[in-house]
Protein chains: 2
Amino acid sequence: MHDRITRVLRYVQYSWRTQNMTDNSKTLLYKKITDLTEISVSSLDKLFEIATQRHYKKGETILKQGQICKTITFVESGYLRTFIDKEGTEINTDFSFEGSFTTNLKSLRSASSSDTSIQAGETTTIYEFDKDRLLELYNLSAEIESFGRKLLEQLLIAQEEHTNLFKIYSPTERYQYLQTNKPEILQRISLSQLSSYLGIARETLSRIRKNKE
Amino acid sequence: MHDRITRVLRYVQYSWRTQNMTDNSKTLLYKKITDLTEISVSSLDKLFEIATQRHYKKGETILKQGQICKTITFVESGYLRTFIDKEGTEINTDFSFEGSFTTNLKSLRSASSSDTSIQAGETTTIYEFDKDRLLELYNLSAEIESFGRKLLEQLLIAQEEHTNLFKIYSPTERYQYLQTNKPEILQRISLSQLSSYLGIARETLSRIRKNKE
DNA sequence: CAAATTTTGTGACGATTATCACAGGTAAAA
DNA sequence: TTTTACCTGTGATAATCGTCACAAAATTTG
């Protein structure tokens, strides 16, 4: 009798596990992590255990300026818009599409108040990683810390590339750069949202687009 | 007799060790690592073991555009200038002063040819960390990998801040930002070197400086 | 110390861009 | 569908910035 219960319990646990794993392996998150780093199933499980799925509608706020950022966010679908409020005007500093990670690292690291806000740009599904739980995992598993390091490397390379855009190219050339290197951003981000991201006035960007198509 | 030799040998080893440790603990590198992360003496030793000290005179090249970057560099004294060649003109993308780390991460990670060059801006002493040996240490010691991750965090925060300069501020405001937030850079970098770093023409920067002092 | 080289300042001018104002379009909401 | 809100295009104008040319100053080198 006792044996049977144990067997049944094991089966329930097993099917829950496989069910869960099957689901996870379908997520973009799963793909992105395994693309980035070699990682064991158990480490992956641990990461998924601390990932919270959330849904946002267009315009809803994930992080508000002044708050302390406590999570790292992975965008499963939709996109997030990061912006700074400069004297009443919103200046977009980043767009995070599905498959990418975002956070306010400065606020996250030093538990200081964030100078940026993050909002959903469309209907968006994210996975949220709590900072403290992630740090625990870093201490527990070298594999996971290695994942964290590689993620940062990737983000830093992208950021350097973006900075250089401003140093090397004129506004017109910056637009052309996006056309050839990141065309998807032009299709999904409205002209008025894009202009501050490129450091150009909305009207100027409108004229650039007119001339260069 | 044999005993005496052993004792002498031990003493020699001991004094060499303390000597060596004393030396290392005087370096900026030592200070910067221990400021950034909690690390054991043995891990620190391992890091110092793979660090090669090198000296450069002003204008000498550490990394040349087209080469594959294989090291991470720590600046012990002096400074390094990172730049891109754009149609014959050098555009400075970074200045690394004593106490900071630099590399071309994109080239380092993917073993691709570097799009930037790095030169000494003054007489400069660096410590060079070989990528492959560093990766070995990452696998050996979670503490060292943690150090690597924290270093990247620091670099990414600085890079984000620098990008936002271009999105939020006008050329004049960018100069003022340096005046209040990084005055040392104005004292050590010549106007003509600084202008491309701020994305401004040399003449314009000269006029800005004239008006704003 | 003097010559050579590099760096900086300045004027003139043209090109680019920002700003303001408003009209027309487009998309979402009622 | 109609209303409402937001996004885009466009003209006029002023401010800013880049470019060219050259002189002055500062720094380096012989």
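Proteins come first, then strands; the chains are lettered A, B, ... in the order of their sequence lines, and each starts at number 1.
For the pair B:Arg207 CZ and C:dG9 C1', the computed distance is 8 Å after rounding to whole Å. Taking atom CG of residue A:Leu205 and atom C1' of nucleotide C:dT19, one finds them 16 Å apart after rounding to whole Å. Atom-to-atom, CD of A:Glu90 to P of D:dC7 comes out at 10 Å; the value is rounded to the nearest Å. If you measure from atom OH of B:Tyr175 to atom C1' of D:dT16, you get 18 Å, rounded to the nearest angstrom. Atom OH of B:Tyr169 and atom P of C:dA18 are 18 Å apart (whole Å). Atom P of nucleotide D:dT8 and atom CG of A:Asn211 are separated by 17 Å, given to the nearest angstrom. Note: CD (A:Glu122) to P (C:dA28) measures 11 Å, nearest angstrom. Rounded to whole Å, the distance from NZ on A:Lys167 to P on D:dC17 is 18 Å.
Proximity of A:Arg209 to the phosphate of D:dG9: a side-chain N or O atom is located under 4.0 Å from OP1 or OP2. In terms of phosphate contacts, A:Lys210 brings a side-chain nitrogen or oxygen within less than 4.0 Å of OP1 or OP2 of D:dT10. Listed pair B:Ser206 / C:dT8 fails the phosphate criterion, with no side-chain N or O lying under 4.0 Å from OP1 or OP2.
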Worked check of side chain to side chain donor-acceptor pair (under 3.5 Å) between A:Gln159 and B:Thr163: CA-CA 8 Å; A:Gln159 190 66 36; B:Thr163 312; 2.8 Å; yes

Would A:Phe166 and B:His162 count as a ring-ring contact (aromatic ring centres under 6.0 Å, His included) if you check the C-alpha gap in whole Å, the side-chain angles of each, and the deciding distance to 0.1 Å? CA-CA 11 Å; A:Phe166 290 89; B:His162 189 224; 9.8 Å; no

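In the region residues 188-199 of chain A, proximity to DNA chain D at under 4.0 angstrom, judged on heavy atoms, holds for A:Ser190, A:Leu191, A:Ser192.
Both A:Pro171 and A:Lys58 lie near DNA chain C, and the one whose nearest nucleotide falls closer to the 5' end is A:Pro171.
Salt bridge status for A:Arg149 with A:Glu145: absent, with no side-chain N to carboxylate O gap under 4.0 Å. Using a 4.0 Å cut-off between a side-chain N of Lys or Arg and a carboxylate O of Asp or Glu, B:Glu173 and A:Lys86 qualify as a salt bridge.
The two residues A:Gly78 and A:Thr124 come nearest to each other via the heavy atoms CA-OG1, 3.7 Å.
Between the side chains of A:Asn104 and A:Thr116, at least one donor-acceptor pair of N or O atoms lies under 3.5 Å.
Side-chain to base pairing of B:Arg202 with D:dG18: no donor and acceptor N or O lie closer than 3.5 Å to each other. Taking 3.5 Å as the limit, the base of D:dC17 and the side chain of B:Glu203 contain no donor-acceptor pair of atoms between them.
A distance-only check finds a donor-acceptor pair linking the side chain of A:Lys131 to the backbone of A:Leu108 [under 3.5 Å].
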